[in-house]
Amino acid sequence: MQFTDLKTQYAVLKTAIDARIQRVLDHGQYIMGPEVAEMEAALVAYTGAPHCVAVASGTEALLIALMAIGLKPGDEVITTPFTFAATAEVIVLLGGVPVYADIEPDSCNIDASLIEAKVTPRTRAIMPVSLYGQVADMDAINAVALRHGLVVIEDAAQSFGAGYRGQGVARKSCNVSTIACTSFFPSKPLGCYGDGGALFTSDPAIAQAAREIRVHGQSGRYHHTRVGVGGRMDTLQCAVVLAKLERFDWEIERRLALGDRYGRLIRDSGAPVQLLAVRPDRDCVWAQYTVMVDDRPSVQAALQAAGIPTAVHYPKPLHQQPAYAAYCCPDCMPHSVRAGQRVLSLPMSADLTHAQQDRVVAALAKALA
Ligand SMILES: *Cc1c(COP(=O)(O)O)cnc(C)c1O
């Protein structure tokens, strides 16, 4: 069994993917070819976000977002410590200061009720992460941002395709804040065959800034109006995303159903496993199917012996990482620390079979018996 099954997906989509790649090889526009704008338009249609800018990776999208809002050294960005390092990395790279707010212990997303107390005159932005594929509490976060004139940047690297209703109409991840950044790393819900990412925004000025920053700050050929980066997404990778969009709706439905089924099977097994809480006004697309257990090392070892791969997203929150420890006391953020000790990700992909899922849950229950 594979942790993320990309081979079955390729086998199913082979004709479409091969044809898309061949078309790029035939026209030869490897940099900023027609597939780039075609993918951006397809993702605007899919998410409902007014603007999409394809970039080199999810990390690059986050970096370009902060550059586009003009983050200055010393500016503060409120974010969660329980995330992949890239979230805080881009803040620090620009001389900014990550200010951590702890997570909700049951959903592992940033606790929106803790954010307002962290706002200072130096705060510029709030960067929630829609962890594991569940959109953070965006209505509450946007309300804090509105009160204090802050920008909200959703780190949607794991949540592309997730729905969010909140107090208003149904929206999709990447269209629930002024800016959102996603990743097409192969194992993410919408993946390419290398690195890729996208920035979404409702603000045309931020979209224009991001387009310029993506190509070394050029507003015209060899006319550099600002400092930028080499942040383009390859035409070939956009072609892969376009082919994968053909069955993406099916994949999302399948991920939601498999997530529900995992929960049902685990509950029915009676095993002492804490399921991730998914709020009734949103869904989780399960970039990873993550649960919480005590004595994780022995559970992982037992699953490995049964031929079932697992992973830990993430063992240590950022305020306990050497590179980011200076931004917080190591003893704070108790919920993030505890989650880091207990989270365990099980195999997940749209092509996971019910038989495989049964095997995973049986082995999990046995390991905890
Ligand atoms: C994967 C991921 C990123 C980075 O995306 P890349 O495309 O690998 O650069 C950022 N934030 C989170 C939460 C992620 O899971």
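Both counts, for ligands and for their atoms, begin at 1 and track the order of listing.
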* What are the two closest non-hydrogen atoms of P128 and I153, and how far apart are they? ->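 Nearest heavy atoms, P128 then I153: CD-O, 3.2 Å.
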Does the side chain of [X] pick up a donor-acceptor pair with the side chain of [Y] at under 3.5 Å?
| X | Y | value |
| --- | --- | --- |
| T59 | E89 | no |
| E212 | T225 | yes |
| S187 | T4 | no |

* Hey, is E60 touching ligand 1 through its side chain, its backbone, both or neither, going by heavy atoms under 4.0 Å? ->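 No part of E60 comes within reach of ligand 1.
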Heavy atom of the protein closest to [atom] (residue, atom name, distance):
| atom | value |
| --- | --- |
| atom 1 (C) of ligand 1 | K188 NZ, 1.5 Å |
| atom 11 (N) of ligand 1 | D155 OD2, 2.8 Å |
| atom 8 (O) of ligand 1 | F185 CD1, 3.8 Å |
| atom 9 (O) of ligand 1 | T59 OG1, 2.5 Å |

* So does E246 pair up with R20, basic N to acidic O under 4.0 Å? ->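 Result for this pair is no, no salt bridge flagged.
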In terms of atom number and element, which parts of ligand 1 are under 4.0 angstrom from non-hydrogen atoms of [X]?
| X | answer |
| --- | --- |
| T83 | 13 (C) |
| V129 | 13 (C) |
| Y314 | 15 (O) |
| S183 | 5 (O), 6 (P), 7 (O) |

* **4.5 Å side-chain heavy-atom contact, P105 and R338** =>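 No; the side chains remain at least 4.5 Å from each other.
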* Asked: Once the angle between the rings of F84 and Y314 is folded into 0 to 90°, is it parallel (under 30°), tilted (30 to 60°) or perpendicular (over 60°)?
  ->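 Geometry flag for Y314 against F84: tilted rings.
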* **N/O separation below 3.5 Å, F184 to ligand 1** =>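 Checking ligand 1 against F184, no N or O pair falls under 3.5 Å apart.
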